[in-house]
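Here's the structure, in structure tokens; my notes come after.
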Amino acid sequence: MEEKPVAEKITIGHVHMSGCTGCLVSLADNYEGLFTLLDNYADLNYCLTLADVRDIPKMDVALVEGSVCINDHHSVEDIKKARENATIVVALGSCAAYGNITRFARGGQWNQPQHEAYVPIGDLINVDLHLPGCPPSKEAIRNVAVMAYLLLRGTDEQKELAAAYLKPLMDLAQRGNEACGCDLIYDVINQGICMGCGTCAAACPVRAITIEGGKPNVDRDLCIKCGACYAQCPRSFFNFDVMNQFEAISEAIDAAMGKGDE
Ligand code: SF4
Ligand code: SF4
């Protein structure tokens with residue numbers, strides 16, 4: 001891989017709202033892949049867990065983890081600042097995208113019993129991409145980082161490829177900020193397009209989905225409202241642009257990361 005001058009890197013920030021840091025751990029799970037990213041493509045210019053930068057700076061990509069407690073004015077100010085300062089805002093993980101487990105927050109716990117209301121970041125700011133998952137896979141985060149680099153710094157051809165890759169995640173952000181296993185019921189099974197492949201059951205982090213009679217059945221008492229099942233379902237938003245360019249996209253990512261570094 002040819003070496004790239006620092007000036008060509010994009011800047012990425014990790015903005016921690018009401019999250020658990022598991023999404024950041026998933027990024028770090030890329031191991032050497034993360035170093036390749038940081039050496040060649042991106043400077044991590046904000047991340048309270050890893051670097052001593054106190055205020056949210058200007059950045060090309062904000063990876064925002066966690067939902068927002070609207071009873072905490074610092075959090076509300078932070079998410080607005082992240083939007084102002086970032087070219088691309090990514091809702092990293094299901095808490096940021098959909099609220100996830102914080103949908104069940106009701107307040108009443110010491111020592112901030114008034115902290116009772118949590119919303120996905122898209123309820124307060126415009127979000128460019130949803131990257132759901134609890135946590136999102138390390139590969140998905142890596143791919144988005146590489147594709148953001150190609151989108152902002154690449155040749156016209158690379159920009160086109162990156163735009164095709166990122167489009168379904170942009171569409172997901174446009175679709176809304178609510179998620180539940182019920183999405184499979186309303187938007188897949190009820191539409192007559194479920195093929196019983198079982199991907200949703202494999203994607204569910206809490207095993208709330210079982211395949212019964214060839215179709216998914218959702219235990220809604222187990223569901224933590226992460227949205228992974230709908231996002232992973234091949235019948236939710238089958239994207240021909242991505243599928244048709246699958247090889248080119250895989251090659252671009254392999255070339256960026258150096259083959260065999262997984
Ligand atoms: S992933 Fe989609 S198509 Fe496959 S079983 Fe689940 S709902 Fe049906
Ligand atoms: S059924 Fe599972 S994968 Fe789907 S939203 Fe609920 S917890 Fe997430």
Side-chain angles (χ1 to χ4, degrees), residues 17-27 29 63-69 90-106 117-123 127 129-141 143-144 165 167-244 246 249:
M17 306 304 297
S18 293
C20 73
T21 328
C23 295
L24 183 62
V25 170
S26 196
L27 169 65
D29 274 346
L63 300 175
V64 182
E65 166 174 354
S67 62
V68 187
C69 176
V90 178
L92 177 67
S94 294
C95 289
Y98 298 121
N100 202 24
I101 199 73
T102 66
R103 285 290 191 192
F104 298 92
R106 295 290 180 273
Y118 292 75
V119 295
I121 65 171
D123 279 10
V127 175
L129 302 181
H130 272 185
L131 189 45
C134 184
S137 73
K138 66 188 175 98
E139 293 86 358
I141 306 172
N143 292 357
V144 164
Y165 180 86
K167 172 91 171 35
L169 303 177
M170 294 170 72
D171 290 346
L172 209 50
Q174 291 300 313
R175 180 174 178 263
N177 306 319
E178 294 172 11
C180 175
C182 296
D183 295 342
L184 300 177
I185 299 173
Y186 301 136
D187 292 348
V188 187
I189 302 167
N190 288 176
Q191 303 302 316
I193 54 176
C194 172
M195 58 183 173
C197 66
T199 305
C200 50
C204 180
V206 294
R207 299 187 190 164
I209 302 174
T210 47
I211 302 295
E212 291 168 27
K215 293 284 185 295
N217 190 40
V218 180
D219 184 336
R220 282 169 292 165
D221 284 342
L222 286 178
C223 172
I224 57 168
K225 301 192 182 295
C226 73
C229 52
Y230 181 78
Q232 294 288 328
C233 170
R235 288 294 168 94
S236 58
F237 48 91
F238 190 85
N239 186 290
F240 283 99
D241 282 346
V242 174
M243 292 303 164
N244 288 341
F246 181 77
I249 286 170

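Computed over heavy atoms, backbone and side chain alike; hydrogens, waters and symmetry mates excluded. On a predicted model such as this, the values are computed, not experimentally measured, just so you know. Both counts, for ligands and for their atoms, begin at 1 and track the order of listing.
For the pair Asn100 (side chain) and Thr102 (backbone), a donor-acceptor distance under 3.5 Å is absent.
Not counting sequence neighbours, Asp29 has no partner by the side chain to side chain donor-acceptor pair (under 3.5 Å) test. In terms of the side chain to side chain contact (heavy atoms under 4.5 Å, CB included) criterion, Ala202 has no residue partners (sequence neighbours excluded). Evaluation of the side chain to side chain contact (heavy atoms under 4.5 Å, CB included) rule for Glu212 yields Thr210, Asn217 as partners, not counting sequence neighbours.
Shortest non-hydrogen contact noted between Arg220 and Cys182 is CD-SG, 3.4 Å. Ser67 and Val119 get closest at one heavy-atom pair: CB-O, 3.2 Å. In terms of heavy-atom proximity, Ala179 sits nearest to Cys226 at CB-C, 4.3 Å.
At least one heavy atom of Pro234 lies less than 4.0 angstrom from ligand 1.
Looking only at side-chain heavy atoms (C-beta outward), Cys95 and Ser18 stay at 4.5 Å or farther from each other.
Around atom 8 (Fe) of ligand 2, the protein atoms of type N, O or S that sit closer than 2.8 Å are Cys226 SG.
Set against the non-hydrogen atoms of Thr199, the atoms of ligand 1 under 4.0 Å away are 1 (S). Residue Met195 approaches ligand 1 through these ligand atoms, each under 4.0 Å from one of its heavy atoms: 3 (S), 8 (Fe). Applying the 4.0 Å criterion to heavy atoms of Gly196 picks out, from ligand 1, the atoms 5 (S), 8 (Fe). Close contacts of ligand 1 with Cys197, meaning ligand atoms under 4.0 Å from a residue heavy atom, involve 1 (S), 3 (S), 4 (Fe), 5 (S). Within the listing of ligand 1, atoms 5 (S), 6 (Fe), 7 (S) sit less than 4.0 angstrom from a heavy atom of Pro216.
Using cut-offs of 30° and 60° for the angle between ring planes, the Tyr230 and Phe237 rings count as tilted.
Separation of atoms CD (Glu65) and SG (Cys20) is listed at 6.0 Å; rounding is to 0.5 Å.
For Cys233, heavy-atom contacts with ligand 1 shorter than 4.0 Å involve the backbone as well as the side chain. With a 4.0 Å heavy-atom cut-off, ligand 2 is reached by the side chain of Ile209 but not by its N, CA, C or O.
Counting non-hydrogen atoms of other residues, nucleotides and ligands closer than 6.0 Å to CZ of Phe246 gives a total of 12 or fewer.
For atom 1 (S) of ligand 1, the closest non-hydrogen atom on the protein side is Cys200 N, 3.2 Å. Of the protein's non-hydrogen atoms, Cys194 SG, 2.3 Å is the one closest to atom 8 (Fe) of ligand 1.
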